[in-house]
Novice: 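One structure coming up, written as structure tokens, with questions to follow.
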Amino acid sequence: MTLALTGHGAADGIAIGRVHLAERNEAEIGEYRISESGVEKEISRFRDAVSRASEELRELGEKLTAETSSTASEIIASHIVMLHDSSFGHSIDSRIREELCNAEWALQAQLEKILAEFRQIDDPYIRSRGEDVAHVVSLVQHNLDDESSSQALNSIPDRLADTLVVASELTPGELAALHQRGVAGIITEHGSTYSHTAIMAGSLDIPAVLGVRQARELLNEGENLVLDGRMGLVYANPNKALLKHYRDAHRRSARHRTSLRAIREVPSQSRDEISVSLQANAERIDEIELAMRDGAESVGLFRTEFLFLAPGVPGENEQYAAYSEALKTLAGKTLTIRTLDLGADKSSPGESLGHPAETANPALGLRAVRLCLRDTEMFKTQLRAILRTSAEGPVRCLIPMLTTIQEVRMVRALINECCQELRDRGLDFDPDMPLGGMIEVPAAALAAAELARHLDFLSVGTNDLLQYTLAADRVDEQVAHLYDPRHPGVIQLLKMIVVAGKARGIPVTVCGELAGDKRYIRLLLALGIREFSMHANRLLQVKQVITNTHVGHAEQVFEQWQEGHAEAYDLDLLEMIDSSQ
Amino acid sequence: MIEITTTIINRLGLHARAASLLVNCASEFQSEIWLKVDERRVNGKSIMGVLTLAASQGTAITIQAEGDDEAEAANAVKQLIDRRFNEDE
């Protein structure tokens, strides 16, 4: 009989294999008194345990950096920072001194105090960080216990290929260790989607389902299991049909998979040899360097707000120096500079730009290019700095929050004035510097065909475009579920922008978070997007999806879906595209 | 002792990544650094302490520093917060 269990799908992917039930060494936290003369020794014992725990994590972290993307090793690094938290260390020392108790007891008491504080926090993401404190403390507890084996988890076989480990919960460190042994998938009874364990599983590509109640009671050692990470489903003793369905799905996704590290060397091309441009969003030199290392073709979005955060307005030379440095770092690749995208509202330092602070609705107010066209002195200073930079290498200028054609005309007029001013000063610039617009206002998206006639390229700011179009704040828990790129309205809007760009023969780049989200890459490719700009740490993952996609098939599916019309909302377009691959 | 007040302006507030950046920054200075939100005061060099502040966007935060490099320290922390911890929004 097939048994189906549900939980939170913490990491995508399908795993097929046999169950291994992991037992945890639940050491009892004993309490005993120590003598006054024994205090220093006890404190040393605690500090030694911290050192050993730190060493364990450091080794794990090193192995991770060598193989995979940065997220997993960042999580381990954050645990090491917690381990060395000075306030925490001092509080343990104090407890040992004042209460004359053993280190284990001091740790437990302090942990409980901290967890109580975390439980008060509203924000679920920060509240989950309490789990990290618990994980770190348990690692120290483990190192204090001389008698336990070197693993907190008992009896884990060395080779875990084709094995799915089932545990009450797993710390990121333990997960990393399982990864080393080639584990196929994991199931835990506890844990939330915000937990670092979930994030780590995603980053290490280990299919995972968390929060499966009583998993260890309901599943049997050695039993056959199918795990569907995307849906959060676990099937024990799957019947033939189920097994075949999942084996096929697994084979389709595994077929052309290359490891993340090897992906660096591979050209950015789909399975049917369509070239896709991968670019980076950046504002710091180190981000640009990372982007270069991971194969970005160019910087598709260089944010300039950082220059405007201090009180007052940055001068032309100061801005020119910053843009110039960024361009130099790119060593010949193109730098797309976005003009100021700040508002005049209270929550942003735009206030220091001397404009009224009270705005009822900042997202709909005097921001970005609107603000710049009001304060042309400031805007022209920035434009001149950008133009001067264009003399030194390939530079494009990008205007945020474009709404009307008049705005484009005004910007071009101001650029022409700036060109003349620079000529008068005997300074060089590129007279053909491309000017593009960020399409993020829905009206602009609907009128993209018109706007495209006046621009050299289009960039789709999906973050704001989706928020304005769906009228939902993605950070507001109560409505964040509405922020869904699969809404047919959103898909049609994106398609309009692509069509507009094609009609004029100008590039269309997606540069919002969607561009770096591996779940939606195939969808964007199916719509006709061929340029993606993302945070540098996403480049390899996105390239991996691209090299594993047959764009032609995806596009066919999209056409069929479009013709579906009325039923469109019910059909999961993403699944249809995946099945076509 | 020096005291400066500023506002958390980035969208996600003082979440985990921002907290780490802040603690890293504070830890480079010799002075003692404290962060105050309403009545709560935590050690600016303690990641656990800073995390529990859970200061969201729009929260006023006071930076207190005491020591030889107190002015630099307080300013550095303020800059980091004002620069939105180098985040998008």
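Since we're looking at a predicted model, the values are computed, not measured. Only this structure's heavy atoms are used, side chains among them; waters, hydrogens and symmetry mates stay out. In what follows, chains are A, B, ... by sequence order, proteins preceding strands, each numbered from 1.
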Novice: Between CG of A:Leu307 and CZ of B:Arg83, what distance do you get to the nearest 0.5 Å?
Specialist: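 Between atom CG of A:Leu307 and atom CZ of B:Arg83 there are 8.5 Å.
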
Novice: For B:Thr52, is it the side chain, the backbone, both, or neither that has a heavy atom closer than 4.5 Å to a heavy atom of chain A?
Specialist: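 It is both, since atoms from each part get that close.
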
Novice: Between A:Val81 and chain B, which part of the residue has a heavy atom less than 4.5 Å away: side chain, backbone, both or neither?
Specialist: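 Interface part for A:Val81: both.
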
Novice: When rounded to the nearest 0.5 angstrom, what is the spacing between CD1 in A:Ile126 and CG in B:Leu53?
Specialist: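 Output value for this atom pair is 9.5 Å.
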
Novice: Take atom NE2 of A:His90 as the centre, draw a 6.0 Å sphere, and report whether it contains more than 12 heavy atoms from other residues, nucleotides or ligands.
Specialist: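 Not buried by this count: 12 neighbours or fewer within 6.0 Å.
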
Novice: Where does B:Leu14 contact chain A at under 4.5 Å (heavy atoms): side chain, backbone, both or neither?
Specialist: backbone

Novice: Return the CZ to CD distance between B:Arg40 and A:Glu117, rounded to the nearest 0.5 Å.
Specialist: 6.0 Å

Novice: Find the distance between CG (A:Asp132) and CG (B:Leu51) and round it off to the nearest 0.5 Å.
Specialist: 8.5 Å

Novice: Which atoms form the tightest heavy-atom contact between A:Arg129 and B:Ala16, and what is the distance?
Specialist: CD-CB, 3.5 Å

Novice: Around atom CG of B:Asn75, are there more than 12 heavy atoms from other residues, nucleotides or ligands closer than 6.0 Å?
Specialist: yes

Novice: Any idea which heavy atoms bring B:Met48 and A:Phe118 closest together, and the distance?
Specialist: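 Closest pair (atom of B:Met48, atom of A:Phe118, distance): O-CZ, 4.3 Å.
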
Novice: Of all of A:Ser78, A:Ala77, A:Ser87, A:Ser86, which one pairs up most often with chain B through heavy atoms under 4.5 Å apart?
Specialist: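 The answer is A:Ser87.
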
